[in-house]
Structures are given as structure tokens and as C-alpha cells.
There are 2 protein chains.
Amino acid sequence: MAKILASKNGTKKDAITQKAAGLFRKKGFASTSMRELAESIGVEASSLYNHIGSKNELLQTVCFKVANDFTVSLDAVEKKEVSTISKLQEVIRFHIEMMLNNHNEVYVANHEWKQLREPFLSNFLLQRNSYEGRLVEIIKTGIKKKELKSIHPNIAVLTILSAVRSVEFWQRKKNNINSKELEINIIDHLINGLIK
Amino acid sequence: MAKILASKNGTKKDAITQKAAGLFRKKGFASTSMRELAESIGVEASSLYNHIGSKNELLQTVCFKVANDFTVSLDAVEKKEVSTISKLQEVIRFHIEMMLNNHNEVYVANHEWKQLREPFLSNFLLQRNSYEGRLVEIIKTGIKKKELKSIHPNIAVLTILSAVRSVEFWQRKKNNINSKELEINIIDHLINGLIK
DNA sequence: CCTACCGATCGGTAGG
DNA sequence: CCTACCGATCGGTAGG
């Protein structure tokens, strides 16, 4: 009866995926039923299958879209001939903006990737490990050039990647997040610390 | 047939809860069935209900045990008459050690609390907000005393609480984590930054 | 502790 | 896009 509204510039599949990301974030992938998803769109559950292959495919679409965005962004950062600090600032800024602009999708990629089926699960972890490894290299270079002090590169990368997720908490809180202030504070904290 | 082995110093309920925490972490709460949990213990699913009330109750037990541990620890920190930096170091250290020593439980409390039923869900969030608020106060005091530079206290707290979760990633990686090295690096990063 | 079982709900398909 | 439906699995209970 009610047709699925294609989101502007998108297919019906895109519209379904977007709704799915919102529900997966709010309730978790396993706790979201296809009937709920259908209802939130205004059709019967069986109608969804004219546009998508399976529930798990929706999760795959979300997770790999996010992973790809981060990879593309890091490609660009690596090519720039700027200081290590600048590169790290840019990486952190990109993470923060991704979380603010694609809240549902990034959250789902961060929290629900475990529900991916093989071979997608392995593929996703491979991409993530690669991303982390490239950040480790940036930090190692920075240490060699004396731009950074001598810290443990792997620990620093995981600390940064975790810290940046604090943005998740701001969506649930104060309505009006000043994203510039968030960025400045987090970047300054992670690079300069809390003293002086 | 096979009796549930009571863990040393614990009831059968404790043994079940511990197994549940491991499965909830590995697969997620919603994706773990009571039949799986029973099988991992070596009994039939129905036998579990002689020791526990419901699946959700297992989650409640895990989440509130963790929340309580953090609250008790913060109580002690607040009472100490030491510098703000020392207090923050102690808080960070406690988080890291909790994640290393009670990996499954802390992970579940961090990732699966959304599956809590009311009124437990509201209660859990209340406790978490209170914990965060008390950390904010510590930081505000530190700024007032010029022990910390003038940063946004709420952002700093969420950054610290998120950063500390990087420890999660170390369980899945290198087998032998040197916990002291982890602690020193993360604390130094969050307090002194990456430079000099 | 087990066997036997219940009602509900799940993802997905057939067929139009 | 819908109706009608399937087999599987779920959390949990009855009764011993």
C-alpha cells in the first residue's frame, strides 16, 4: 500500500538501509526485527525483500560504507606533506565529524560489526587492522622525527581511536552540541594533555 | 545429570553469571540463547531456572556489579587529600585494572546495558550520570586550583572515559599485555599529551 | 537435575 | 506492494 519513499538522491534500498541504521543503533542489530523495520517505514515485512537480500546484508552495507569512508580519508591524509601533528589532528577531526554527521552508521559499525557473517566479518576486521596499522606508522614516523615524544605507538593509536568515540555520548546529551568546541577540546586533550 | 560446578567461593548462580558474562561479551546479549549458556555449562536450559530468575536478570547482575565497583572506587578517591592529577591517575588506573581483571563483565556493562529492562535501565543510567558528574566536579576543582589548564570539564571526562576503553582492544590482540606499560602510557597520554 | 512442552516471534519465501 | 504461510528458535513453565 504505502510505497517506500526513496530518499532524495537515493534508491529505495538506501532509504531502508538508513532506517535500519537508526534502529540498529537504538536497539542493537539482533534486537531489531524486520517487522519493526518494515513498520517504521510503513510496509509489510515481506515487502522489504523486494529491495534487499537479507537482514544481515543491511548490516554489511552500513559497516562497509563507514569503513570505506575512513579508508578514503586516511588515503588523503597520508599523501599530504604536513607535520605529524597536523596529520593526527586531521584524523581526529575526521572521526569527530563522521560521528556527528553519520551518527547512526558509525555507531552501528563500531558496536554491531560482531554480528556480521563470514566472510564479511573477517573482511571487516582486516580493514580495521589495516587502518590501525597505518595510524601506527604515522605515529612511528612522528617519533623518529622528534615531533612526538617517545610513546608506545600502538597504545597511542588505540587510545586516540577510543577517545574519539566520546562523541557518541554527546548525541544522547545536550541537544545543541557545539561541534567546533568538541573538536578543539578533544584534539587539544589528546595532543597536549590536561596540564599547562 | 552434570551438576553445575559452584565456582570457588561462589554459588551456582555466580557460576552461571560468570559464564553468561563471557557469552554476552563474545556474542552479545540478544544473540546468546539460554540453550547455549546451558550447553556451555553442561546442563539443559530449563535447569538454569532453578538458580536464576530470567535471562535479563543475568544482565542486571553483571551491569550493577560493575557499576557498584566503580562507585565504591570513586568514593575512596574523593576522600583522599591528594592533588587533582593524582586523583585522575587513580581513576584511570582503576578503569584499566577493572578492564583487565574483569574483562567480560566490564565489557558487557559498557556494551549491553541497553538491553536492560525497566526500571533497571533507568537506574543504570542514573548511576552512570552520577559517576560522570562526580568526575566533572574533580576536574572543575582542578581547574579552579590551577592544577589543570582551562578545558571543558564535561568533554574532558567523556574523553577520558572513552579513551580508557582502549584496553578492550588489547585482550583481543597480543596475548601478553604488559599491564603496567599500558597503564603508564594511557595515563601519560591523557594527562600530558603526545608532545614533550 | 531432567523430559516434555507452550505460545510467541523470528527471518524469509511463494505466489499473485 | 500484499496475504498467507513455513520451519526454526526463542525464553520460560509444569511436573516429577
Side-chain angles (χ1 to χ4, degrees), chain A residues 1-7 10-24 26-63 108 112-118 120-121, chain B residues 1-7 10-24 26-63 108 112-118 120-121:
Chain A
M1 195 73 79
K3 294 271 175 75
I4 295 173
L5 290 186
S7 53
T11 63
K12 290 170 183 177
K13 179 171 174 173
D14 292 336
I16 296 171
T17 306
Q18 201 178 342
K19 278 279 189 187
L23 286 171
F24 293 168
K26 259 175 262 173
K27 317 196 34 168
F29 174 77
S31 298
T32 301
S33 74
M34 295 303 277
R35 284 160 175 82
E36 272 181 287
L37 173 58
E39 191 182 19
S40 84
I41 292 173
V43 297
E44 293 301 317
S46 59
S47 302
L48 297 173
Y49 291 90
N50 292 308
H51 305 286
I52 63 159
S54 70
K55 184 188 180 187
N56 206 267
E57 185 197 277
L58 287 171
L59 182 61
Q60 293 156 24
T61 304
V62 172
C63 288
V108 168
E112 301 293 333
W113 57 266
K114 276 187 185 180
Q115 310 292 337
L116 248 18
R117 290 212 193 109
E118 292 293 0
F120 305 99
L121 179 59
Chain B
M1 196 73 79
K3 294 271 176 74
I4 294 174
L5 290 185
S7 51
T11 63
K12 291 171 183 178
K13 180 172 176 173
D14 292 335
I16 295 172
T17 306
Q18 201 178 343
K19 278 279 188 187
L23 286 171
F24 293 168
K26 259 176 259 170
K27 318 198 32 168
F29 173 77
S31 297
T32 302
S33 73
M34 295 303 276
R35 283 159 176 82
E36 272 180 287
L37 173 57
E39 191 184 19
S40 85
I41 291 173
V43 297
E44 293 302 316
S46 60
S47 301
L48 297 173
Y49 291 90
N50 290 307
H51 305 286
I52 63 160
S54 70
K55 185 187 180 188
N56 206 267
E57 184 195 279
L58 288 170
L59 182 60
Q60 292 156 26
T61 304
V62 173
C63 288
V108 168
E112 302 293 333
W113 57 267
K114 275 187 186 181
Q115 311 293 336
L116 248 17
R117 290 213 192 110
E118 293 293 358
F120 305 100
L121 179 57

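Proteins come first, then strands; the chains are lettered A, B, ... in the order of their sequence lines, and each starts at number 1.
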J.: If you assign B:Asn50 and A:Asn50 each to the DNA chain C nucleotide with the nearest heavy atom, which residue ends up on the more 5' nucleotide?
T.: B:Asn50
J.: Taking A:Leu58 as the fixed residue, which of A:Ile52, A:Val108, A:Thr32 is the one that meets the side chain to side chain contact (heavy atoms under 4.5 Å, CB included) rule?
T.: A:Ile52
J.: With a sphere of 6.0 Å drawn around NZ of A:Lys19, does it hold more than 12 non-hydrogen atoms of other residues, nucleotides or ligands?
T.: no
J.: I need the CG-C1' distance between A:Leu48 and D:dC1, as an integer number of Å.
T.: 11 Å
J.: Residues in side chain to side chain donor-acceptor pair (under 3.5 Å) with A:Glu112, at least two apart?
T.: none
J.: Is there any protein nitrogen or oxygen under 3.5 Å from a nitrogen or oxygen in nucleotides 11-13 of chain C, and what are the pairs?
T.:
{"unit_1": "C:dG11", "atom_1": "OP1", "unit_2": "A:Thr32", "atom_2": "O", "d": "3.3"}
{"unit_1": "C:dG11", "atom_1": "OP1", "unit_2": "A:Lys55", "atom_2": "NZ", "d": "2.9"}
{"unit_1": "C:dG11", "atom_1": "OP2", "unit_2": "A:Met34", "atom_2": "N", "d": "2.8"}
{"unit_1": "C:dG11", "atom_1": "N7", "unit_2": "A:Arg35", "atom_2": "NH1", "d": "2.7"}
{"unit_1": "C:dG11", "atom_1": "O6", "unit_2": "A:Arg35", "atom_2": "NH2", "d": "3.0"}
{"unit_1": "C:dG12", "atom_1": "OP2", "unit_2": "A:Tyr49", "atom_2": "OH", "d": "2.8"}
{"unit_1": "C:dG12", "atom_1": "OP2", "unit_2": "A:Lys55", "atom_2": "N", "d": "2.8"}

J.: Name all residues meeting the salt bridge (Lys or Arg N to Asp or Glu O under 4.0 Å) criterion together with A:Lys13; count only those two or more places apart in sequence or in a different chain, and write none if there are none.
T.: A:Glu57
J.: With sequence neighbours left out, what residues match A:Gln60 under side chain to side chain donor-acceptor pair (under 3.5 Å)?
T.: A:Asn56
J.: Show every donor-acceptor pair shorter than 3.5 Å between a side-chain atom in residues 35-49 of chain B and any protein atom, with sequence neighbours excluded, or say none if there are none.
T.:
{"unit_1": "B:Glu36", "atom_1": "OE1", "unit_2": "B:Ser33", "atom_2": "N", "d": "3.0"}
{"unit_1": "B:Glu36", "atom_1": "OE2", "unit_2": "B:Lys27", "atom_2": "NZ", "d": "2.7"}
{"unit_1": "B:Ser40", "atom_1": "OG", "unit_2": "B:Leu37", "atom_2": "O", "d": "2.9"}

J.: Taking the side chain of B:Glu44 as heavy atoms from C-beta outward, which of D:dC1, C:dT3, C:dC1 is closest to it?
T.: C:dT3
J.: Mark yes or no: A:Lys114 above the aromatic ring of A:Phe29, with NZ or CZ under 6.0 Å from the six-membered ring centre and no more than 45 degrees from the axis.
T.: no
J.: Between B:Glu36 (CD) and D:dT9 (P), how many Å, whole number?
T.: 11 Å
J.: With pairs taken as Watson-Crick or G-U wobble and both distances under 3.5 angstrom, which stems of at least three consecutive pairs involve DNA chain C?
T.: C:1-16 with D:1-16
J.: State which residues pass side chain to side chain donor-acceptor pair (under 3.5 Å) with A:Asn50; sequence neighbours excluded, sorted by chain then number.
T.: none
